[in-house]
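Remember, predicted model here, so these are calculated numbers, not experimental data.
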Amino acid sequence: MSSKGLTLAVTAIFATAIASAAATTAAIYHFAPPQPAETASAPAPADFDQRVHAYLVNNPEVLLDVQVALQQKQVDEQQAQASEVIAQNQDKLYLPAYDGVMGNPDGDITVVEFFDYNCGYCRRALSDMDDIIANNDDVRFVLKEIPVLGPESEAAQRISYAFFKAAPDKYEDFHRALMGSGSRATEATARAVAASLGVDDLAIDKAIADYPAEEALQEHFGLAGALGVSGTPSYIVGDVMLPGAVGADRIQETIDNIRACGKGVCS
């Protein structure tokens with residue numbers, strides 16, 4: 001954008017802010033601001049653009065403030081959309097038909113994690129989940145796999161889902177082993193982990209035939225799209241979405257808020 005275009009854009013933002021402030025003041029003090037006799041706006045001074053440009057050059061932090069405000073607005077809008085989707089999809093999120101559960105299966109507070117076995121951030125976030133489970137005996141983790149990192153992730157997901165159906169009582173061990181393996185998750189590595197836990201290829205193949213993964217994938221990607229999930233890991237805690245590898249402390253803070261006020265963010 002040219003300097004003149006940037007100047008005009010920022011000028012428009014300032015004008016909107018000033019108009020909003022004027023309207024708010026009028027509403028608070030119950031008076032109407034004076035109206036101009038003519039509807040046409042007075043022309044700006046001839047050097048107006050130059051003066052605004054000079055101000056911005058001398059005060060560049062203003063542009064950072066505008067950028068921060070815009071980013072916060074986008075975050076707030078995404079959170080509002082996510083909260084609405086969460087409210088409309090309680091069963092799919094918290095009473096899942098397709099997902100493994102870790103922690104206390106009867107816990108009062110549920111953390112939903114969207115993940116991919118080949119996501120490096122997800123692998124590092126495994127310790128965050130362990131910390132939360134260790135320090136909160138009323139929390140359950142619902143694990144929703146969205147294989148977004150290519151064909152190998154998709155193949156590993158099909159084995160993972162088949163294992164979950166074939167041996168649900170061993171799914172936690174499978175999840176930890178594949179997520180913590182340090183090697184790329186593929187069909188072969190997922191089958192190897194399954195075999196190490198006593199679920200051989202014959203059992204996996206039967207589960208794949210009996211329980212195709214398409215329905216699970218359709219539900220998971222549908223929820224992720226509606227929530228605005230743009231990467232893994234992403235979390236749902238109560239009525240709040242936490243995008244990205246936010247860490248155990250941020251998840252714990254949201255859990256504590258739910259205990260305190262029933263919401264992820266207490267006013």
Side-chain angles (χ1 to χ4, degrees), residues 68 71-72 74-76 78-83 85-87 89-90 92-96 98-149 153 156-157 160 164 170-185 193 220 223-224 227-267:
V68 170
Q71 290 174 339
Q72 186 59 53
Q74 292 171 335
V75 168
D76 292 344
Q78 183 182 27
Q79 195 62 252
Q81 174 189 338
S83 295
V85 173
I86 292 168
N89 292 275
Q90 294 285 301
K92 290 180 180 179
L93 286 167
Y94 299 127
L95 301 174
Y98 305 112
D99 314 316
V101 174
M102 296 176 65
N104 181 354
D106 300 316
D108 297 324
I109 298 175
T110 300
V111 178
V112 178
E113 179 182 354
F114 290 89
F115 74 97
D116 183 312
Y117 277 114
N118 283 316
C119 164
Y121 292 105
C122 299
R123 292 184 171 192
R124 289 191 286 274
L126 181 63
S127 62
D128 296 332
M129 179 182 68
D130 288 340
D131 287 346
I132 295 296
I133 290 173
N135 293 306
N136 300 271
D137 57 11
D138 60 343
V139 169
R140 60 198 287 266
F141 263 78
V142 173
L143 301 174
K144 292 189 180 293
E145 193 169 352
I146 49 173
V148 295
L149 297 177
S153 289
Q157 186 276 336
S160 170
F164 169 66
K170 297 181 179 181
Y171 175 76
E172 180 172 346
D173 294 332
F174 175 91
H175 178 76
R176 291 184 183 282
L178 188 57
M179 187 66 81
S181 67
S183 60
R184 188 158 183 82
V193 169
H220 290 179
L223 286 169
L227 289 162
V229 171
S230 58
T232 55
S234 286
Y235 303 90
I236 302 296
V237 189
D239 60 337
V240 171
M241 183 174 76
L242 303 176
V246 296
D249 289 347
R250 182 71 180 88
I251 297 172
Q252 184 66 58
E253 177 187 357
T254 309
I255 290 170
D256 292 341
N257 286 342
I258 292 172
R259 291 195 184 108
C261 68
K263 295 182 179 181
V265 177
C266 296
S267 56

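Side-chain atoms of N104 come within 3.5 Å of backbone N or O of D137 as a donor-acceptor pair. No donor-acceptor pair closer than 3.5 Å links the side chain of H220 to the backbone N or O of I146. When atom types are taken as modelled, the side chain of T110 and the backbone of G107 share no donor-acceptor pair closer than 3.5 angstrom. A donor-acceptor pair is defined here as one N or O able to donate and one able to accept, closer than 3.5 Å; no such pair exists between the side chain of R176 and the backbone of L126. Distance alone, capped at 3.5 Å, is enough to place a donor-acceptor pair between the R123 side chain and the Y117 backbone. Looking at D239, its side chain does come within 3.5 Å of a backbone N or O of G264 through a donor-acceptor pair.
For G103 against I133, the heavy-atom pair with the smallest separation is N-CD1, 3.7 Å. G247 and D128 get closest at one heavy-atom pair: CA-OD2, 3.6 Å. What you find for V111 and V139 is that their closest heavy atoms are CG2-CG1, 4.0 Å. Between P96 and V142, the closest heavy-atom pair is CG-CG1, 3.6 Å. In plain terms, the two heavy atoms of V193 and A177 that are nearest each other are CG1-CB, 3.7 Å. Between F114 and L223, the shortest heavy-atom contact is CZ-CB, 4.2 Å.
Side-chain contact between Y121 and T232 is absent, with no heavy atoms from C-beta onward closer than 4.5 Å. Residues L143 and Y171 are in side-chain contact: their nearest non-hydrogen atoms beyond the backbone lie under 4.5 Å apart. At least one side-chain heavy atom of C119 sits less than 4.5 Å from a side-chain heavy atom of P233. Contact check for F115 versus K144: no side-chain heavy atoms found under the 4.5 Å cut-off.
Under the 3.5 Å distance criterion, with hydrogens and angles disregarded, a donor-acceptor pair is assigned to the side chains of N136 and Q252. Between the side chains of S153 and D116, at least one donor N or O lies within less than 3.5 Å of an accepting N or O.
A distance of 6.5 Å separates CE in M129 from CD in E113, rounded to the nearest 0.5 Å. Taking CZ of F164 as the reference point, atom CD of Q157 lies at 11.5 Å (rounded to 0.5 Å). Distance check, rounded to the nearest 0.5 Å: CG of L93 to CD1 of I236 gives 6.5 Å. Between the OH atom in Y94 and the CG atom in D99 there is a gap of 12.5 Å [rounded to 0.5 Å]. The CZ atom of F174 lies 10.0 Å from the CE atom of M179; values are rounded to the nearest 0.5 Å. Taken from CG in L178 to OG in S183, the straight-line distance is 7.5 Å, to the nearest 0.5 Å.
A distance of 6.0 Å or more separates the ring centres of F141 and H175.
Here salt bridge (charged side-chain N to carboxylate O under 4.0 Å, His left out) pairs that include residues 254-267, with residues two or more places apart or in two chains, are D138-R259, D256-R259.
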